[in-house]
Amino acid sequence: MFIRHSRLILFFTLIITLGAIYFGTKLRFNFDFESYFPTGDKDVEYYKEFRSHFGDDSHYLLIGIQNHEGIYNKAFLEKVDSLTQYLQALDQTESVLSPTNLSEPIFTAMGPVQIPLIHLDEPDRYAADSGKITSPENPFASFFPKGSKDVIVLLSLKEDLSEASGDSLLENINNTLENLSFDEFHVSGKLKVQSAYIDKMKIEMIIFLSASIILVTIFLFAAYRTIWGIVIPLMAVILAIIWTIGLMGLAGQPLDLMTTLLPPIIFIVGMSDIIHLLTKYIDEIKLGKTKQEALTIAYKEIGLATFITSLTTAIGFGTLINSNINPISNFGLYSCIGVFIAFVLAFSFFPAFLIWFNKPFFSVKVSENLFWNKFLHHSFRQIIHYKNQLLITSLVLTAFAAFFTSQISLDSTLLDDIGKNDPISLDSKYLEEKFGGIRSVEIGIEAKQKIVTPEVLTEIEKIETYLKGPYGAVYVSSPTTYIKVLNKALHGGNSDKYKLPQTENEWNKVNKYLPYLEKQKGTNPFIDGQFGRISGRIPDLGHVKVSDLNRDLIHFIETKVDTNLIKYRLTGSAMLIDKNNSILTQNLMKNLFIALLLVGVIMGLVFRSWKMALVAMIPNIIPLLMIGAIMGIFGINLKPSTSIIFSIAFGIAVDDSIHFLSRLKLQLDSGKSFLYALKRTFLGTGKAMIITSLILVSGFLCLILSSFDGTFYTGLLVSLTLVFALAGDLIILPVVLLLLKSFLFGKKK
C-alpha cells in the first residue's frame, strides 16, 4: 500500500497539515476558575442563585498599599484619593471602596449626614479619625489593617470582562501605582491570578516543547548517529502536534492549564511509536534487507504491539473524559485523539517518507553494536543468576511502597499550584497577613419572612459571633452590620450603639429609617428581601482544615440556631473549589482502577490468556506504588494536579511491557524454547525500550521547568514512574516469567 500510494499519502499529509496550521492560529488561551466547577452540581447551581442576589464573590481586586511613615499623612492620603478617583473612572470598574471615600451616616434634626472616616483636608483631625477607625465597632476595619502603615482599596469589577479588557485594566492599575510612587503595593484577585496563569501558560508551552525537542534530538543523535535518525521522528511527532492543535482550533476549544500539556505529551508519547518502528527498520536494513522488506518485517513484529500501546496509553488519558470538570474532560479527549494521530502518522507518513525518498544512510558502528550486545547479554545473565534475590528485594520494596503510599494526604489550597516565591503568592501572602486572609467564607441565608426582622437578625448574629470566635474568621459582615450601622447613626454616631436594637422603641426607629440603607433589588451585598448573606475571610488553611472548621460550624448552627426560622447554606467560590478538588481527586483515582481493568482485559484478549494479562500488570503496578511512596514520604499531597499523574504514568509505562510480551509471544509461536525465547526478547527489545524510556523521561523532565507545582510534579513523578517501569520490565518481568513459566505456559515450554 505504501509503495503504491506514498505520493498520495504525502500529498494528503501536506494538505491536512496546512489546514491544521490555519485552524491552529485561531486558538485562544483561557483560564476561567469557574470552568473547573463540576457541571450539574447542586452546590454550583445554588452558588449561581446566590450570585443573582448578591453578585460574584470573586469579581474583585484588592490593592494593598503601604506607607512606611504611617497612613495618617496628608501627602500619602492624597495619593490614595487620586488613585481612587482614577480607578472609579475606568470603564471596567463597577465601584471602588477606599479609605478616602468611606463614610458613616449620622441622623440629625436636618436629616442624614455622611461623615467621612478620614477628613482628608484636615490633618488636625487625623488623631480623632484614627481612634474611630481602630475601634472594634468600626464596620470598615478591613480597610485599615493593623499596624497603621497599610490601607486596602477594593475594586468591584464589571462582569464578563474580556481577556483584553482585563489585561488593560491590570496594566493601567500597575502603571498608576508605579507613577504614584507608593512605598509598597500589592494587587490580588481572581482577575490578577487568571491573567498571570494565561501569561505563564503561553510562555511555558513554548519552553516545554522547545526543551523536549532539544533533549530528544540529543538522544536521537546518540542512538542513531545520523541526521535522518533525527529528522524522521521529529517530523512525524511535530505533525501529530500540529494536527491535534488544529483540531482543537477547528472545534473552538481554547488552551487552558491542562491542555497546554498536550504538545509536550503528544511529542513524547508519539516518539515512542516512532522509535520502536524505526529501530526495527534500521536493524533490518543493517542486515541487508530492502526498504520494502525492512518495513514489512517492522510492521509484522512492531505494528500490533504499537497499536496496543497506543490503545493503552489512550485508555490512561481516556478515563479522564468522563470527568464532569470540562478542562479535565477536554484534556482526556484531545490526549486520546493526539495519541492515535501520532500512531496513524507513524504508520503512514513515516513509511511513505521512506519509500518516496532515497534510503536514509544509517551508520553501522561495530563498537556501538558490541556495546549494546555486551551490555544486554551481561544484564540478562545477571538477572537469571540472581532471580531469587531480585524477587525478594522487589517484594520488600513493594511492601514498603504500599505502606508509605497509604500515608499520602488528600489536601489542597486555593493557590496550591503556584510556587511560594511566585509574585502571585507573595501578593496573596501580604494581603493574607494584612487583610486577615484571602479565602472568603460565604453563607447564604433564606428566611420565611424579611431578613431585617428582629427574630431573623438575632439568629444571624449567633452565626456571625461564632464565625468571629471559634471559626477564626475576620472582617465578618452580614445583614446585622447594616442594622448596627443604622442604630449607631440614629444615636448620633455613639459607638456603644453599634449593635442590634435592644428595645422596641429602637426597633421602631430603625424600621422607620431602614429604607435609607436598603437599595434596589440585587445591589445590596448582604440583604435582598428574604435572602441574606454572611461573609468573612480566613487564611488559606487548606481543604482538610477548612473542612473540619465547616463541620464544626454546621454542628453549631444545627444545635444553637433556630433552623425553623432561617435556612442556611455554605457557598462561595472557595468552597466550590475545595469540593471540586476533593471529588476530582477521588474520581481520578477511580479512573485509574478502570484503566487497570481495561488494559488487563485488552492484554488478556491479545495474548489469549488471563494469566499473561495478570503477570503483565505486575511491573506496572509496582512503579505506581513507588510513586505513591515518594509522595507519602515527601509530603506531596494528593490533589487534582497530582492524582492525574497516576493515569498518565500507567498508560505510558505499560507500553514497554506490551512490546516485551508481544516479542516473546512471536518467539514462542515460532517454536523457540522458553529460555531462548526470553533471551532473544530481552536482547531484541532491550535497546528500543531503554532508548524510548530515556526519551520519554527527558521529555517529561522538561515539565519541571514549570512555575506551576502541579506541572512540576507531573514532570518529576511521571519521569520517575517511567524509570521504575523500565526497571520493572527489564528486571522484574523476566524474573516473574521465569518463576511462573509452568503456570503461564505449561511444562511443554
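- Within the 4.5 Å cutoff, the side chain of Ile152 has no heavy atoms near those of the Ile65 side chain.
- Listed by chain and number, the residues in a side-chain hydrogen bond (donor to acceptor under 3.5 Å, both in side chains) with Glu558 are Tyr568 (sequence neighbours excluded).
- With respect to Glu104 and Lys488, a salt bridge is recorded, a charged nitrogen being found less than 4.0 Å from a carboxylate O.
- In this view, Phe144 satisfies the ring-ring contact (aromatic ring centres under 6.0 Å, His included) rule with no residue, not counting sequence neighbours.
- Side chains of Ser95 and Gln88: no donor on one and acceptor on the other come within 3.5 Å.
- Closest of all the heavy-atom pairs between Gly532 and Pro479 is CA-CG, 4.2 Å.
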Check against side-chain contact (heavy atoms from CB on, under 4.5 Å), Leu177 and Phe182: CA-CA 7 Å; Leu177 289 168; Phe182 290 113; 3.8 Å; yes
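- Ion pair Lys545/Asp548 not flagged as a salt bridge, since none of the NZ, NE, NH1 or NH2 atoms sits closer than 4.0 Å to an Asp/Glu carboxylate oxygen.
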All N/O donor-acceptor pairs, side-chain side in residues 117-125, below 3.5 Å, sequence neighbours left out:
residue : atom : partner : partner atom : Å
His119  : ND1  : Asp129  : OD1          : 3.1
His119  : ND1  : Asp129  : OD2          : 3.2
His119  : NE2  : Arg125  : NH1          : 3.4
His119  : NE2  : Arg125  : NH2          : 3.3

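- For the pair Arg537 and Tyr475, the cation-pi criterion (under 6.0 Å, within 45° of the ring axis) is not fulfilled.
- Between the side chains of Thr571 and Glu442, no donor N or O sits under 3.5 Å from an acceptor N or O.
- Salt-bridge check for Glu461 with Lys484: passed, with a basic side-chain N closer than 4.0 Å to an acidic carboxylate O.
- Panel note: side chain Asp540, backbone Arg439; no donor-acceptor pair is recorded below 3.5 Å.
- When the side-chain hydrogen bond (donor to acceptor under 3.5 Å, both in side chains) test is applied to Tyr471, the partners found at least two apart in sequence or on another chain are Asn550.
- Annotation: side-chain hydrogen bond (donor to acceptor under 3.5 Å, both in side chains) contacts of Lys509 (sequence neighbours excluded): none.
- Nearest heavy-atom pair, Val561 versus Lys462, reported as atom, atom and distance to 0.1 Å: CG2-CB, 4.2 Å.
- The shortest distance between side-chain heavy atoms of Val153 and Leu87 falls below 4.5 Å.
- For Lys158, the NZ atom counts as densely surrounded, since its 6.0 Å shell holds more than 12 non-hydrogen atoms of other residues, nucleotides or ligands.
- Scored by the ring-ring contact (aromatic ring centres under 6.0 Å, His included) test, Phe556 finds Tyr466 as partners (sequence neighbours excluded).
- Side-chain contact between Leu77 and Tyr126 is present, with at least one heavy-atom pair separated by less than 4.5 Å.
- When every heavy atom of Ala473 is checked against every heavy atom of Ile538, the shortest pair comes out as CA-CG2, 3.5 Å.
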